[in-house]
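Worksheet: the structure to be examined is printed underneath.
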Amino acid sequence: MSANLEGRLYEPPKVPATRKNAAGERVRVEVARRVRKGWFQDQASTVHFIMRVGGKPLELQPGKAAISIGSLDKLPGTIDALVSAVRAGELDLQIREAAAARGLMMAERRKKAA
């Protein structure tokens, strides 16, 4: 986010991973970390932020998974406000419901795999 505000490309730190080399041996290498952007711009260049729980968008209002921010420079303040709300327990109900739904989804996957 701050990289976009500064007009540069964000390069996340590399993380260790295990890969097979040409000889088929497992070796440790460093690979770029995959980072999912939590915001997007629509066709009107309005910035929207998506808060996620377990990889799934968190609906802060029924039927709405994204928060309309307006411009990219307002995004850090919005994230700070969301962090404060989470720490104050204001989003506990939504987070608990999302976590429960995620748990049910994972349980169904385990049943199908068995």
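Just so we're clear, the structure is a prediction, and the values are computed from it rather than from any experiment.
Of all heavy-atom pairs between Val47 and Ser71, the closest is CG2-C, 3.8 Å. The two residues Val53 and Ala99 make their nearest non-hydrogen contact at CG1-N, 4.3 Å.
Thr18 contributes atom OG1, which lies 5.0 Å from atom CZ of Arg28 (distance to the nearest 0.5 angstrom). Note that the CZ atom of Arg26 and the CZ atom of Arg19 stand 9.5 Å from one another [nearest 0.5 Å]. Of the inter-residue distances, the one linking Trp39 atom CH2 with Ile67 atom CD1 reads 15.0 Å to the nearest 0.5 angstrom. In this structure, the separation between CD1 on Ile79 and CZ on Phe49 is 4.5 Å, given to the nearest 0.5 Å. The distance from atom CG of Leu82 to atom CG of Leu91, rounded to the nearest 0.5 Å, is 6.5 Å. Taken from NZ in Lys20 to CD in Glu25, the straight-line distance is 11.0 Å, to the nearest 0.5 Å.
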Side chain to side chain contact (heavy atoms under 4.5 Å, CB included) between His48 and Asp42, intermediate numbers included = CA-CA 8 Å; His48 304 275; Asp42 62 12; 3.0 Å; yes
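Hydrophobic cluster membership of Val27, counting Ile, Leu, Val, Met, Phe, Trp and Tyr whose side-chain heavy atoms lie under 4.5 Å apart directly or via other members: Val15, Val29, Val31.
Both Leu58 and Val86 sit in one connected hydrophobic cluster of ILVMFWY residues. Membership requires side-chain heavy atoms under 4.5 Å apart, directly or through other members.
Within the structure, side chain to side chain donor-acceptor pair (under 3.5 Å) contacts touching residues 75-96 (residues at least two apart or in different chains) do not occur.
Considering only residues two or more places apart in sequence or on other chains, Gln43 meets the side chain to side chain donor-acceptor pair (under 3.5 Å) condition with none of them.
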